[in-house]
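First the structure, in the form of structure tokens, and then the observations on it.
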There are 2 protein chains.
Amino acid sequence: MAGRPQIFSEEEALGKATQLFWSKGYEATSTDDLLAAMSIGKSSFYNTFKGKRELFEKVIENFVNQSVAGLLKDTEAGTDPVQAIKNFFRKLANSPQNMHQKGCFMGNIVVELSNIDKPLESMAIKRLKKMEQLFQDLIIKAQQSGLLKSNEDPVVIARYLVTMWNGLNITRRMYPDPERLLPLVEMQLSVLK
Amino acid sequence: MAGRPQIFSEEEALGKATQLFWSKGYEATSTDDLLAAMSIGKSSFYNTFKGKRELFEKVIENFVNQSVAGLLKDTEAGTDPVQAIKNFFRKLANSPQNMHQKGCFMGNIVVELSNIDKPLESMAIKRLKKMEQLFQDLIIKAQQSGLLKSNEDPVVIARYLVTMWNGLNITRRMYPDPERLLPLVEMQLSVLK
DNA sequence: TTAATTTTGTACTATTTGGTACAATATATA
DNA sequence: TATATATTGTACCAAATAGTACAAAATTAA
């Protein structure tokens with residue numbers, strides 16, 4: 001319980017690492033890149049985060065998707081779950097350019113590492129499935145309350161929404177502007193009625 | 001017009017390189033990996049393909065999506081364009097495991113390189129847009145012939161289909177089995193009526 | 001004040017990276 | 001057969017990579 005005090009904030013450093021990994025991916029992010037972004041020295045890096053891979057794992061574990069968090073908030077606020085979902089996707093379409101370019105962190109990981117690093121891919125898949133579960137809960141709630149008339153299997157609807165999310169996160173890089181994305185989103189949401 | 005003859009088939013070597021890049025991505029594929037997969041020496045490699053990046057460009061340019069080629073064939077065979085599209089996606093759902101794991105080569109490139117190498121990303125995006133154009137042509141044909149009653153904008157429908165494709169190529173890695181994917185695909189295809 | 005403890009800075013290292021240099025080799029043509 | 005020409009194999013290289021070693025610095029507890 002003694003020792004020299006840490007000169008940096010672990011949380012802050014982790015946030016910087018997250019941003020970097022999110023935009024450049026795992027392989028293309030070098031440890032030197034990380035040190036620069038996190039503004040810490042090599043010793044501090046290896047001392048507190050053990051290594052690049054271990055840091056990446058921690059980044060995945062700590063990652064909170066802001067959009068999803070917003071969706072969750074809307075729901076808890078008592079909003080119509082169907083409207084919450086629709087808002088979620090409309091917000092995606094209206095994101096700033098740099099968000100379009102980054103896409104979904106977990107989706108990016110699945111794509112980059114599916115034939116490179118299965119354990120890391122699995123961690124990302126687990127996160128995407130959590131998102132799917134969130135959708136499923138909302139759909140069930142909407143069906144029970146009668147706000148959603150469709151009696152399609154909630155499991156399939158949820159999986160459809162996740163696929164939409166995954167797809168949009170690539171398509172939005174092809175068309176990083178709301179004018180193209182919004183009509184697309186509306187068509188995709190037409191299932192929810 | 002003299003000189004020692006090439007000991008390998010350029011086309012074959014390019015095919016091997018394509019498979020490797022497709023499964024491991026750009027960054028994680030080393031030149032040594034390539035040499036081994038292509039079964040050629042370093043000299044031959046740099047002599048005929050100039051370098052890793054140039055090879056990758058050539059691979060993208062020469063890439064023919066087998067599934068898309070099949071779709072095109074079905075169409076030319078005079079099949080109902082709507083059915084052709086439906087078959088296309090159902091076939092995707094029924095692909096073997098390793099295809100699920102590989103996903104869409106062009107989509108993979110967009111994800112991996114969107115913040116790393118814009119020129120390469122653009123090449124991949126161009127290809128995805130070609131696919132979108134193919135969908136659009138089919139939708140227009142289907143609407144004109146009355147096989148598709150929906151009068152939604154063909155541009156939006158095509159973009160919706162590409163987004164479906166992009167999304168499925170991630171979701172199929174979460175659920176690499178037809179039992180989960182088929183109901184999902186059917187729901188997504190419900191727009192086509 | 002000293003000892004124990006932890007973090008930090010600097011120098012170093014082994015491996016892998018993409019790529020060159022260049023001579024040896026194998027062919028077509030003169 | 002000799003020569004021009006193109007491909008190939010081997011050795012080499014500089015830079016970047018992830019990670020270590022270890023002493024110096026900064027703190028708390030005894």
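Order of the sequence lines sets the chain letters (A, B, ...), proteins ahead of strands, with each chain counted from 1.
- Per the geometry, CG belonging to A:Asn47 stands 15 Å off P belonging to C:dT5, to the nearest Å.
- Under the side chain to side chain donor-acceptor pair (under 3.5 Å) criterion, the residue pairs touching residues 66-87 of chain B are B:Asn65-B:Ser67, with sequence neighbours excluded.
- Every residue meeting the side-chain contact (heavy atoms from CB on, under 4.5 Å) condition with A:Thr29, not counting sequence neighbours, appears here in chain and number order: A:Leu20, A:Phe21, A:Lys24, A:Asp33, A:Leu34.
- Summarising the geometry, the separation between CZ on A:Phe49 and P on C:dT8 is reported as 10 Å, rounded to the nearest angstrom.
- The side chain of B:Arg4 has C:dT25 as its nearest neighbour among C:dT8, C:dT25, C:dT5.
- The nearest whole Å value for the distance from the CD1 atom in B:Ile40 to the P atom in D:dT7 is 12 Å.
- Within residues 5-16 of chain A, the residues that place at least one heavy atom under 4.0 Å from DNA chain C are, in residue-number order, A:Pro5, A:Gln6, A:Ile7, A:Phe8.
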What pairs of donor and acceptor atoms, side-chain ones from residues 184-193 of chain B against any protein atom, are under 3.5 angstrom apart with sequence neighbours left out?
unit_1, atom_1, unit_2, atom_2, d
B:Glu186, OE1, B:Arg90, NH2, 3.1
B:Glu186, OE2, B:Arg90, NE, 2.8
B:Ser190, OG, B:Met187, O, 2.6

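- Cluster membership check: A:Leu147 does not share its hydrophobic cluster with A:Ile157, using side-chain heavy-atom separations under 4.5 Å among Ile, Leu, Val, Met, Phe, Trp and Tyr.
- Atoms CG (B:Leu35) and C1' (D:dG9) sit 12 Å apart, rounded to a whole Å.
- Residue pairs meeting the side chain to side chain donor-acceptor pair (under 3.5 Å) criterion with at least one member in residues 142-155 of chain A: none, sequence neighbours excluded.
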Show the distances under 3.5 angstrom between N or O atoms of the protein and N or O atoms of nucleotides 16-21 of chain D.
unit_1, atom_1, unit_2, atom_2, d
D:dA18, OP1, A:Lys52, NZ, 3.1
D:dA18, OP2, A:Thr31, N, 2.7
D:dA18, OP2, A:Thr31, OG1, 2.7
D:dG19, OP2, A:Tyr46, OH, 3.4
D:dG19, OP2, A:Lys52, N, 3.3
D:dG19, N7, A:Lys42, NZ, 3.2
D:dG19, O6, A:Lys42, NZ, 2.6

Ignoring hydrogens and angles, write down the donor-acceptor pairs under 3.5 Å from the side chains of residues 133-142 of chain A, residues two or more places apart or on other chains.
unit_1, atom_1, unit_2, atom_2, d
A:Gln133, NE2, A:Asp137, OD1, 3.1

Sequence neighbours excluded and cut-off under 3.5 Å, please list the side-chain donor-acceptor pairs for residues 108-124 of chain B, or say none.
unit_1, atom_1, unit_2, atom_2, d
B:Asn108, OD1, B:Arg173, NH2, 2.8
B:Asn108, ND2, B:Lys102, O, 2.8
B:Asn108, ND2, B:Cys104, O, 3.4
B:Glu112, OE1, B:Tyr26, N, 2.9
B:Glu112, OE2, B:Glu27, N, 2.9
B:Ser114, OG, A:Gln101, O, 3.1
B:Ser114, OG, A:Arg173, NH1, 3.0
B:Ser114, OG, B:Val110, O, 3.4
B:Asn115, ND2, A:Ser23, O, 3.3
B:Asn115, ND2, A:Gln101, O, 3.3
B:Asp117, OD1, B:Arg53, NH1, 3.1
B:Asp117, OD1, B:Leu120, N, 3.2
B:Asp117, OD2, B:Arg53, NH1, 2.3
B:Lys118, NZ, A:Gln101, OE1, 2.9
B:Lys118, NZ, B:Ser114, O, 2.9
B:Lys118, NZ, B:Glu121, OE1, 2.9
B:Ser122, OG, B:Lys118, O, 3.0

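- Partners of B:Glu54 by side-chain hydrogen bond (donor to acceptor under 3.5 Å, both in side chains), not counting sequence neighbours: none found.
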